[in-house]
Trainee: 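Sharing a structure here in structure tokens format.
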2 protein chains.
Amino acid sequence: MPITDFRNDPYLSLLRPLVEAYLAFYRVGTRHIESMGVTSAQFDVIAELGGTDGLTCAELGEATLITKGTLTGVLDRLEGKDLLVREAVKGDRRAINIRLTKNGEDIFKEIFPVHAEFMKPYFKQALTKEEVNQMKVLLNKLRDSFGNT
Amino acid sequence: MPITDFRNDPYLSLLRPLVEAYLAFYRVGTRHIESMGVTSAQFDVIAELGGTDGLTCAELGEATLITKGTLTGVLDRLEGKDLLVREAVKGDRRAINIRLTKNGEDIFKEIFPVHAEFMKPYFKQALTKEEVNQMKVLLNKLRDSFGNT
DNA sequence: TATTGTTATACTCTATAACTATA
DNA sequence: TATAGTTATAGAGTATAACAATA
């Protein structure tokens, strides 16, 4: 299969638009998130913990797809910023409960809406409401095909 | 704006499907690319250089969005694997031309089709050809809204 | 003076393997 | 023996600022 077929193949021709659209979106979003003082990995952890009573490292690792050795470092940095605490778990002294501090919850509650408002106009100027609905259906099909875990 | 409005807002409700679909796609793709022995950044560089007579660092940085200091390191590692060479540019002794070696071109020609064939079934089972065309249009609108540079 | 690319510095993420404490 | 999390190690990417060579 020659390389040039990449763009001509009825299915693979979707690859480039998908990557380009997401990267354009991601760069704008990440720049905004990092301007608020947390990295992407840290944002993911905060997003998982926000609104919960806490999760164990194992649960958090599964949710964020960060391996446990890596997760320790990410948690250390968030703990250093006073955004989360490690607590003992009753009944299993091997496990720890990771929970957002007041500070962390504040960040969570602040970052999400601010980020949402920041991103909204980009979507609004690009697509009609009908197109948004169309796109959601298509994106979910794609996600399921690649495995939504 | 409460957090729960995130999913109810007609525009922002697209955010989650977009991220989930792309991440599902990205994880499958990246795992496959890295199983072939190059990192994502290295793959991007190879992809830009493939089929050309070479680019300067400045051009390559612009194309891949890797800043120049970082790019030096990525190029060093690819040079170490014998996948590219740095050549003098006639007429401007400050600039260098980055070009794939025979080895690098071979990798390019091998990795792309293999990767394409690997990814194709995921798209094929998810969407009809009509849906693919719909989606391309929508994705390109989104990309342009976020700035396609 | 401006541009091209490298070097130096510092930080984050990444995985893996070895380890400690507990179950 | 198995599980939960940390530590140690090593590598890769990231940006920034200072630098040398050239234009």
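Reminder, nothing fancy here: chain letters follow the sequence lines and each chain counts from 1. Keep in mind that this is a model prediction, so the values were computed, not measured.
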Trainee: Are R77(B) and dG13(D) close enough that a side-chain N or O sits under 4.0 Å from OP1 or OP2?
Mentor: yes

Trainee: Could you state the CD-C1' distance from E34(B) to dG13(D), rounded to the nearest angstrom?
Mentor: 11 Å

Trainee: Keeping the roles fixed (side chain from E131(B), backbone from T128(B)), state whether a donor-acceptor pair exists under 3.5 Å.
Mentor: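 Yes.
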
Trainee: Look at D53(B) together with R99(B) and state whether they make a salt bridge at an N to O cut-off of under 4.0 Å.
Mentor: no

Trainee: Tell me whether K81(B) contacts the main-chain N or O of G37(B) through its side chain, where contact means a donor paired with an acceptor under 3.5 Å.
Mentor: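 Yes, the answer is positive, given that a donor and an acceptor are paired below the 3.5 Å cut-off.
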
Trainee: Please check if the distance between the ring centroids of F123(A) and F146(B) is under 6.0 Å.
Mentor: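 Aromatic pair counts; centres sit under 6.0 Å.
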
Trainee: Measure from the side chain of T67(B), starting at C-beta and using heavy atoms only, and say which of dT6(D), dA15(D), dA23(D) lies closest.
Mentor: dA15(D)

Trainee: Provide, to the nearest angstrom, the distance between the NZ atom belonging to K68(B) and the P atom belonging to dT16(D).
Mentor: 11 Å

Trainee: Would you grab the first and last nucleotide of DNA chain C (5' to 3') that comes under 4.0 Å of any non-hydrogen atom in chain A?
Mentor: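 Contact span on the strand: dT12(C) to dA23(C).
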
Trainee: Closest approach to the side chain of R93(B), judged atom by atom: which nucleotide of dT14(D), dA23(D), dG5(D) is it?
Mentor: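 For R93(B), the side-chain atoms sit closest to dA23(D).
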
Trainee: Any sub-3.5 Å donor-acceptor pair from T70(A)'s side-chain atoms to I66(A)'s backbone N or O?
Mentor: no

Trainee: Find the bend of the helix from dT1(C)-dA23(D) to dA23(C)-dT1(D) as the angle between its two terminal axes (five pairs each), to the nearest 10°.
Mentor: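 Between the axes fitted at each end of the helix from dT1(C)-dA23(D) to dA23(C)-dT1(D) lies an angle of 20°.
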
Trainee: Any side-chain N or O of T72(A) below 4.0 angstrom from OP1/OP2 of dT6(D)?
Mentor: yes

Trainee: Flag the pair D9(A) and K124(B) as a salt bridge only when some basic side-chain nitrogen lies within less than 4.0 angstrom of an acidic carboxylate oxygen.
Mentor: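 Here D9(A) does not pair with K124(B) in a salt bridge, since their nearest N and O are not under 4.0 Å apart.
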
Trainee: Regarding T39(A), tell me which of base, sugar-phosphate or nothing describes its non-hydrogen contacts under 4.0 Å with the strands shown.
Mentor: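 It contacts sugar-phosphate atoms only.
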
Trainee: Report the residue (Q42(A) or L75(B)) whose heavy-atom-nearest nucleotide on DNA chain C is the more 5′ of the two.
Mentor: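 Nearest nucleotide further toward 5': that of L75(B).
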
Trainee: Given that D92(B) and D76(A) both sit by DNA chain D, which one's nearest nucleotide is further toward the 5' end?
Mentor: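 That would be D76(A).
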
Trainee: What I want to check is whether the side chains of T64(B) and E48(B) have a donor and an acceptor closer together than 3.5 Å.
Mentor: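 No pair is found: no donor N or O on one side chain lies under 3.5 Å from an acceptor on the other.
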
Trainee: Would you kindly give the CG-to-P distance between L60(A) and dG5(D), to the nearest whole Å?
Mentor: 10 Å

Trainee: Provide, to the nearest angstrom, the distance between the CG atom belonging to D44(B) and the P atom belonging to dA12(D).
Mentor: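 Distance check: D44(B) CG to dA12(D) P gives 16 Å.
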
Trainee: Looking at dT6(D), I'd like to know if its phosphate oxygens (OP1 or OP2) sit under 4.0 Å from a side-chain N or O belonging to R86(A).
Mentor: yes

Trainee: Any base atoms under 4.0 Å from S40(A), or only sugar-phosphate, or nothing? Heavy atoms, all strands.
Mentor: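 The answer is nothing, as S40(A) stays clear of every strand by at least 4.0 Å.
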
Trainee: When you measure from the side chain of T101(A) to the backbone N and O of D82(A), does any donor-acceptor pair fall under 3.5 Å?
Mentor: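 Yes, the answer is positive, given that a donor and an acceptor are paired below the 3.5 Å cut-off.
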
Trainee: Find the distance F43(B):CZ to dA12(D):P and express it as a whole number of Å.
Mentor: 18 Å

Trainee: First locate atom CG of L75(B), then atom CD of Q42(B), and finally report the distance between them rounded to the nearest 0.5 Å.
Mentor: 10.0 Å

